[in-house]
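Let me begin by presenting the structure, written as structure tokens, before commenting on it.
All chains are named by letter (A, B, ...) in the order of the sequence lines, taking the proteins before the strands, and each is independently numbered beginning at 1.
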Amino acid sequence: MPDLLANLNDRQLAAVTLPPQHALILAGAGSGKTRVLTTRIAWLIQTGQLSPAGVLAVTFTNKAAREMTARLSAMLPINPRGMWIGTFHGLCNRLLRAHHRDAALPQSFQILDSADQLAAIKRLLKASNVDDEKYPPRNLQHFINGSKEAGLRAKDVDVTDDYSRRFAELYAAYDVQCQREGVVDFAELLLRSYELLERHTLLRDHYRARFAHILIDEFQDTNVLQYKWIKQLAGPASSVLAVGDDDQSIYAFRGANVGNMAAFEREFRVSNLIKLEQNYRSHAHILECANQLIRRNGSRLGKELWTDAGAGEPVRVFEAVSDGQEAQWLIEEARSLIAEGWMRNDMAILYRSNAQSRVLEHALFSAGIPYRVYGGLRFFERAEVKHALAYLRLMENPADDTAFLRVVNFPARGIGARSVEQLQDAARAADSSLYAATAVLKTGAASGKMLGFVGLIERLRTETRSMTLPEAVEHVVERSGLIMHYQTDKEGQDRIENLRELVNAAAGFLSEQGVGQDVPANLGVASNAVPEAPATTETPSARPPMVAAPESLFDLSSANAGSQTASVGDGVDDGVVDGNAFIQTTPLASFLAHASLESGDNQAGEGTDAMQLMTVHAAKGLEFDAVFITGLEEGLFPHENSAQEVAGLEEERRLMYVAITRARKRLYLSFSQTRMLHGQTRYNVRSRFLEELPEDNLKWLTPKAGALRPSWGGHGGQGGYGAYGERASGSAGQGGSRHALEAPPPPPWAANDARVAARFDRGLAWRIGQTVAHAKFGEGVILGIEGSGSDARVQVNFGRQGVKWLALSVARLEAVN
DNA sequence: TCGGTTCAGAGTATT
DNA sequence: TCTGAACCGA
């Protein structure tokens, strides 16, 4: 047996071999966090202190869960499937499937992703005749999710005025609608299983006794509800190990509550706080920058990274004239790295916002450098894939109105908005699903077409009955008419490819689950083990409502005392319920859940050696030999929407900290004096974060201009803007860049720069782009000029002081340079 | 039901 | 500048 503890440093060793008590591990970037987490589990099992079934390990992303599982199987000679390792949502799904009756859900409840949820909300607003101008669907969605993530049902929400009262009412109506349709949104997965555990004490006690060790990754990213969920599952005999890094908390905007770390320390009386501060990733110059920067944040738990890997190279800083020039410089730099043998895969370009990628992509494309952009549409989010899934969902759960509406007329079968509205009215009157309401519709051509659609779904269900999951998916993709529809579409080839890929995904899913490929998609694998078989009613009219009436919606408690005992006894201990959630339901249902919970990779081409482009957020958790952090400008990074408040600014600073700590060997920071944003050229001041880095660890590739002042000052003519060659040779002269650029041909951005330059000279005393000084606000750059004479006003970007309009007759401005 | 036009808005994002 | 959504006419 391999020695698990070999090569751990003292702190890591201490964390891995902690006694069974609650503990908080403050794990700095690159400090071997995942290794500690997995080795801890392996060590506990290997030393006989813990059985695999006693493990609950929670992550945020499927990727992290997969990595943990993979590392564990490499360390231990056991099948990690017996452990509960997964995302919060994945584990909640598992819990709810296993105890669906106690949770008042149909066994094959469907999961709404954010887009589905928004569609459901829009439908609700329309049905309730709500003015969606006054109550925008997106706001309501935000409100609902925010409330749920705080652990609040509609009745618990603080109502302060008519407006919020209406929101709360709509929240309640939305929950009723979801319940009627047998669907749950992401937040509901969490909240529902939280309530399940809260109300069913037997169930809760069972799991509390079972999970001897609970481990949570990225604890700084947990929201209030997730923390409550953990508290629900942690019993008197459980040990909770929370691993996180408050300095890498960058998701407050989506509900993460760093305060959970301090709360955990207090509420669990944590006596074991271990800091992992030795960094195995970056050279010292890079770490020094990270440390110095993050020290400016208040209210940290406190941590300083160190390395014994040596100083390495200083961090290079480049000032560009335009975003185009920034991109061009970056390409030259990347090219020389590639020439030196660096892998493109090991080089990343980071930016604060997605909009910045365009210029970079354009330049990379023109230069013929392969690149890969992270983000964007994921596989299961593609329209054609969602269409196919909607057919499958409808087969599984006819009450799913969201799925119904998505495909009732796709491919087009002559069912227009009018017919759908009629159907919706009928459904509302009968308090039934749209699917069931088709039987109620008596008259009109609409009725016939609707019945035809329902007939199609019924047929698909019957025809696929004895097929395996991939066969069934293929059958549906074909017979729904989707393939044929896309064949006539001239851009449909890719979509057809994706539909074929969906069939592969289904096959891959089966083998991942370790289930034979010959199991019928529609049949419960172990349906005998489940008290009630899935509903198999044939006709829509005869199909009973999927779930209990809305009145009983949140009555998860007393009435079920009997079944509570039963479900614990039923399955938990003989492994049925605690096994893979797949076992309790049909392959199709679990595949659909899988599709919702794991949106899939966003792009192919992972194998190719390409430069990696992504936002700083997306880079969290990754590392690269060389990293370019671009667009380090006030207003962009830190972003103008965040820089006004201390909390916002500190999160931006943590974001910068995350960005810096991605780099192993070489780090480049760049900013540009001008940047195209929203179709307009913006004049920017360099980011304050650059001032916050220790000068000793930096190497300026361009001369460092005075504080926060662009260096092009008052030169208005075009000459100043062909300055790239000038500038670059200057930096080479300073011994800066290794590959001096010698008077290149007019670069592609020159034209734009010339336009920019032309705008400077308006014959006024002040020019756009000019640097000025103000007694109170300091130095800034003129962004715009309005009016004339005594009415003349100028708009000035004072960097951290913000953008101000100043009347020239009042404000005393001085030209700088 | 479709295709075109018009308009507003534009940050980061996992499940 | 670019995108997505809403709207209108055929």
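Within the 4.0 Å cut-off from OP1 or OP2 of B/dT1, not a single side-chain nitrogen or oxygen of A/Arg418 is found.
If you check every strand for non-hydrogen atoms under 4.0 Å, A/Phe88 touches nothing. Across all strands shown, A/Asp185 has no heavy atoms under 4.0 Å from either base or sugar-phosphate atoms. Counting any heavy atom pair closer than 4.0 Å across all strands shown, A/Arg358 reaches sugar-phosphate atoms only and no base atom. Counting non-hydrogen atoms under 4.0 angstrom, A/Asp221 reaches nothing in the nucleic acid. At a threshold of 4.0 angstrom between heavy atoms, the contacts of A/Asp113 with the nucleic acid are absent. Using a 4.0 Å heavy-atom cutoff across all strands shown, A/Ala187 reaches no nucleic acid atom at all. Counting any heavy atom pair closer than 4.0 Å across all strands shown, A/Phe60 reaches sugar-phosphate atoms only and no base atom. Using a 4.0 Å heavy-atom cutoff across all strands shown, A/Glu652 reaches at least one base atom of the nucleic acid.
For the pair A/Ala412 and A/Glu381, both in contact range of DNA chain B, the more 5′-proximal nearest nucleotide belongs to A/Ala412. Judged by closest nucleotide on DNA chain B, A/Arg413 is the one of A/Arg413 and A/Gly679 placed further toward the 5' end.
With A/Val627 as the partner, the side chain to side chain contact (heavy atoms under 4.5 Å, CB included) test is satisfied by one option alone out of A/Leu622, A/Leu669, A/Leu350: A/Leu350.
Listed nucleotides: B/dG11, C/dT1, B/dT1. Nearest to the side chain of A/Met676: C/dT1. Among B/dA13, B/dT15, B/dG11, the nucleotide with an atom closest to any side-chain atom of A/His89 is B/dT15. The side chain of A/Thr61 lies closest to B/dT15 when the candidates are B/dT12, B/dT15, C/dA6. Checking B/dG11, B/dT15, B/dT12 against the side-chain heavy atoms of A/Asn62 singles out B/dT15 as nearest. Side-chain atoms of A/Phe186 lie closest to B/dT15 of the nucleotides B/dT15, B/dG11, B/dA13. Which of B/dT15, B/dA13, B/dG11 sits closest to the side chain of A/Asn354 comes down to B/dA13. Nearest to the side chain of A/Arg254, among B/dT15, B/dA13, C/dT1, sits B/dA13.
Relative to the ring axis of A/Phe109, A/Arg192 does not place its NZ or CZ within 45° and under 6.0 Å from the centre. Judged by a 6.0 Å distance limit and a 45° cone about the ring axis, A/Arg372 is positioned over the six-membered ring of A/Tyr374.
The distance from atom CG of A/Leu125 to atom P of C/dA6 is 12 Å, rounded to the nearest whole Å. Between the C1' atom of B/dT15 and the CZ atom of A/Phe253 lies a distance of 13 Å, rounded to the nearest Å. In this entry the distance linking CD of A/Glu218 with C1' of B/dT15 reads 14 Å, nearest Å. Taking atom CD of A/Gln141 as the reference point, atom P of B/dA13 lies 16 Å away to the nearest angstrom. The OH-P distance, from A/Tyr374 to B/dT12, rounds to 18 Å in whole Å. At whole-Å resolution of the value, CE in A/Met614 and C1' in B/dT14 are 16 Å apart. Taking atom CZ of residue A/Arg138 and atom P of nucleotide B/dA10, one finds them 11 Å apart after rounding to whole Å. Rounded to an integer number of Å, the gap from A/Glu149 CD to B/dT14 P is 14 Å.
Applying the 5.5 angstrom centroid cut-off and the 30 degree plane-angle cut-off, the aromatic ring of A/His617 is not stacked upon the base of B/dA13. B/dG9 has no base stacking with the ring of A/His678 when judged by centroids under 5.5 angstrom apart and an interplanar angle below 30°.
Checked against a 6.0 Å centroid threshold, the rings of A/Tyr351 and A/Phe628 do not count as neighbours.
For A/Ser642 against B/dG11, a side-chain N or O and a base N or O form a donor-acceptor pair under 3.5 Å. For B/dT15, the base has a donor-acceptor partner in the side chain of A/Ser114 [N/O atoms by modelled type, under 3.5 angstrom]. Interface remark: the A/Glu651 side chain does not form any donor-acceptor pair with the B/dG11 base, using a distance-only criterion of under 3.5 Å.
More than 12 heavy-atom neighbours from other residues, nucleotides or ligands sit within 6.0 angstrom of CZ on A/Phe253.
The pair A/Arg682-A/Glu633 does not count as a salt bridge, with every side-chain nitrogen at least 4.0 angstrom from each carboxylate oxygen.
Taking the P atom of each, B/dA13 and C/dG4 are spaced 15 Å apart, rounded to whole Å.
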- Task: List the steps and the verdict of ring pair (Phe, Tyr, Trp, His ring centres under 6.0 Å) for A/Phe365 and A/Tyr371.
- Result: CA-CA 8 Å; A/Phe365 185 83; A/Tyr371 65 91; 7.3 Å; no
